[in-house]
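Please read the structure below before turning to the comments.
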There are 2 protein chains.
Amino acid sequence: MNLRELEYLVAVDDERHFNRAAQRCFVSQPTLSGQVKKLEDELGVLLIERNTRQVSMTDVGLAVAQQARKILTEVKAIKEITQSFEDPMAGELQVGLIPTVAPYLLPLIMPAVNLNFPKLTLWLHEYQTAVLLDKLNKSELDLLILALPVETDEFSEIDLFEESFWLAVPHHEALGRKKNIHLIDLDEQEMLLLEEGHCLRGQALDVCFSAGATENNRFRATSLETLRHMVSEGLGMTLLPELSVPKKRSKKDSIQYIPFNDPKPRRRIGLIYRKGSYREETYQQLAKIIKKLFL
Amino acid sequence: MNLRELEYLVAVDDERHFNRAAQRCFVSQPTLSGQVKKLEDELGVLLIERNTRQVSMTDVGLAVAQQARKILTEVKAIKEITQSFEDPMAGELQVGLIPTVAPYLLPLIMPAVNLNFPKLTLWLHEYQTAVLLDKLNKSELDLLILALPVETDEFSEIDLFEESFWLAVPHHEALGRKKNIHLIDLDEQEMLLLEEGHCLRGQALDVCFSAGATENNRFRATSLETLRHMVSEGLGMTLLPELSVPKKRSKKDSIQYIPFNDPKPRRRIGLIYRKGSYREETYQQLAKIIKKLFL
DNA sequence: TACACTAATAGATATTTTCGATTTATTAAT
DNA sequence: ATTAATAAATCGAAAATATCTATTAGTGTA
């Protein structure tokens with residue numbers, strides 16, 4: 001078997017036309033026809049049903065073409081591997097982030113990343129922790145930015161920064177007058193939280209639990225911004241991670257943002273990747289740049 | 001690039017010796033040397049550090065060889081794909097089972113499977129549910145036999161059979177006199193259970209909870225057979241899945257096995273595989289044969 | 001210095017891939 | 001029925017590639 005044969009097969013599956021497929025592969029039609037036939041002979045099955053009027057794939061053909069695509073993708077990866085050794089800070093990276101971090105962190109770090117590593121292209125993906133871990137595992141993603149710790153020994157972690165929680169209260173609430181608050185001030189309070197699946201929900205629940213607060217079970221927000229709108233509508237208070245707290249705040253805002261006194265409740269944000277990945281150097285340098293911004 | 005070049009590279013990585021690597025590939029040493037050099041030229045990096053005395057892989061070389069192995073494995077899979085279309089009931093299958101099912105189910109089904117599908121080779125793997133699902137996801141396994149339901153939409157399920165739970169009590173216990181028992185007879189009883197990680201533990205806990213029984217927290221068994229020995233030593237009672245209950249029982253056994261009256265507590269055992277797998281036909285037929293044994 | 005071992009090189013040969021030209025088959029239009 | 005248009009298969013020559021044997025060159029050891 002041969003990688004070119006596989007390319008030809010994939011081209012036929014895409015084009016459903018031998019001539020066009022051949023053009024796409026920059027070879028003549030007889031060449032492509034011949035190689036496809038050779039592949040069929042070697043495998044001992046008919047991959048493509050064809051007459052002079054129409055081309056269609058057999059069931060086996062479809063399955064083999066699918067596998068061929070996978071193989072060709074893995075082959076491309078070889079070139080990326082070697083390039084990443086030549087220059088660790090060049091190439092493409094599939095990065096996954098959790099939704100409660102991505103929109104607030106990316107504007108902060110992307111300019112610095114692009115400036116320092118102009119040859120590095122980041123493809124950004126936003127999913128909840130469980131999905132991210134699965135995709136990292138399956139090598140669909142290379143690198144995750146999420147809340148630590150993650151209990152698994154298949155991945156390596158790098159700490160990035162710690163993020164405190166702030167209290168977001170509607171303007172009219174008594175608590176909104178305070179400049180700082182203590183955890184115990186939350187005792188007996190009812191909090192709005194995110195829906196199931198967001199790791200932030202679990203972290204906030206922990207804080208609520210240790211402070212003696214409870215969850216408002218009538219509403220659960222699907223995103224941090226929904227949550228913020230709910231607070232702004234006066235429906236209740238919530239905990240927000242520091243990065244999502246606006247830098248410019250005024251006493252007239254419909255939401256008052258209040259920091260905690262020590263010991264501040266907080267979460268760790270970090271970066272994880274598959275243990276022993278050949279891209280380790282890339283990840284370390286990326287982490288270094290991001291950390292610098294939080295000093 | 002070329003699959004043969006990748007084979008040569010892997011051979012060198014394995015043998016650390018050009019001559020032996022060449023022999024392993026059934027080519028002459030100059031051929032192998034030349035092709036490896038060609039690969040290095042194409043990738044633009046040194047993969048192997050060599051002089052006439054010793055051969056060692058560079059970091060890039062190791063990473064590329066690793067990727068090459070992956071590719072060659074995927075290529076092999078093509079042949080398996082076509083063969084499985086030729087005859088769905090031929091070839092190799094990586095089957096995963098949970099530890100509370102494997103040792104009791106396999107002796108029952110393997111003779112029938114081997115008889116009906118002599119060309120099918122099953123490789124059997126025993127892990128707890130979470131690990132099985134991960135390996136199925138990563139395509140390290142093709143097929144799982146475990147307790148349903150499994151909450152995920154990436155896999156397809158086929159029901160195999162339902163398995164009732166039996167009560168296993170030490171010979172001397174009062175409950176051991178009974179021929180049948182009701183769930184409510186377990187009220188206030190303390191049960192021995194498996195350690196964390198076994199799905200059977202969760203299923204038994206459910207039963208205990210609904211019956212008003214509690215767990216004995218001083219011991220947790222690592223396997224069903226350990227659990228059975230603990231009961232046999234008189235340390236307490238437990239729930240066992242039907243398949244693990246001996247067919248021949250006597251009143252003199254140190255363990256008395258007692259079935260439940262309706263509604264019997266039970267669990268569903270089934271088979272799952274990746275949705276849309278080209279092996280679907282194979283799995284359906286396997287399921288059919290297994291089901292037949294439980295009619 | 002001679003020897004044993006190993007990888008690289010050179011030149012010849014064999015194999016495989018490719019191309020252009022042609023053939024065969026099918027459909028649509030006249 | 002005939003013709004034209006389209007598309008895939010086939011053929012034979014050429015080009016490209018992989019392989020072989022024989023030889024060379026480098027490295028460590030006795």
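Residue numbers begin at 1 in each chain, while the letters A, B, ... track the order of the sequences. All values below were derived from every heavy atom in this structure, side-chain atoms included, with hydrogens, water molecules and symmetry-related copies excluded.
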Phosphate OP1/OP2 of [N]: any [X] side-chain N/O under 4.0 Å:
X	N	result
Tyr8(A)	dT18(C)	yes
Asn2(B)	dA18(D)	yes
Lys38(A)	dT17(C)	yes
Gln54(B)	dT6(C)	no
Arg20(B)	dT6(C)	no
Thr31(B)	dT19(D)	no
Arg4(A)	dT17(C)	no
Arg50(A)	dA9(D)	yes

When the distance from [atom1] of [X] to [atom2] of [N] is rounded to whole Å, what number comes out?
X	N	atom1	atom2	result
Gln29(A)	dT10(D)	CD	P	11 Å
Leu6(A)	dT17(C)	CG	C1'	16 Å
Glu5(B)	dT19(D)	CD	P	9 Å
Glu49(A)	dA8(D)	CD	C1'	14 Å
Arg16(B)	dC5(C)	CZ	C1'	19 Å
Glu7(A)	dT18(C)	CD	P	10 Å
Asp41(B)	dA18(D)	CG	C1'	15 Å
Arg53(B)	dA25(D)	CZ	C1'	13 Å

If we ignore angles and hydrogens, is there a donor and acceptor under 3.5 Å between the side chains of [X] and [Y]?
X	Y	answer
Asn137(B)	Asn137(A)	no
Arg20(A)	Gln23(A)	no
Glu140(B)	Gln94(B)	no

Sub-4.5 Å side-chain heavy-atom contact between [X] and [Y]:
X	Y	value
Leu105(A)	Phe161(A)	yes
Met1(A)	Ile71(A)	no
Leu9(B)	Ile48(B)	yes

So which nucleotide from [options] ends up closest to the side chain of [X]?
X	options	result
Val27(B)	dA9(D), dA8(C), dC20(D)	dC20(D)
Ser28(B)	dC20(D), dA18(D), dT27(D)	dC20(D)
Pro30(A)	dA18(D), dT10(D), dA8(C)	dT10(D)
Ser33(A)	dA9(D), dA7(C), dT18(C)	dA9(D)

Please determine whether any donor N or O and acceptor N or O are separated by less than 3.5 Å between the side chain of Gln35(B) and the base of dA18(D).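 Flag unset: no donor-acceptor pair detected.
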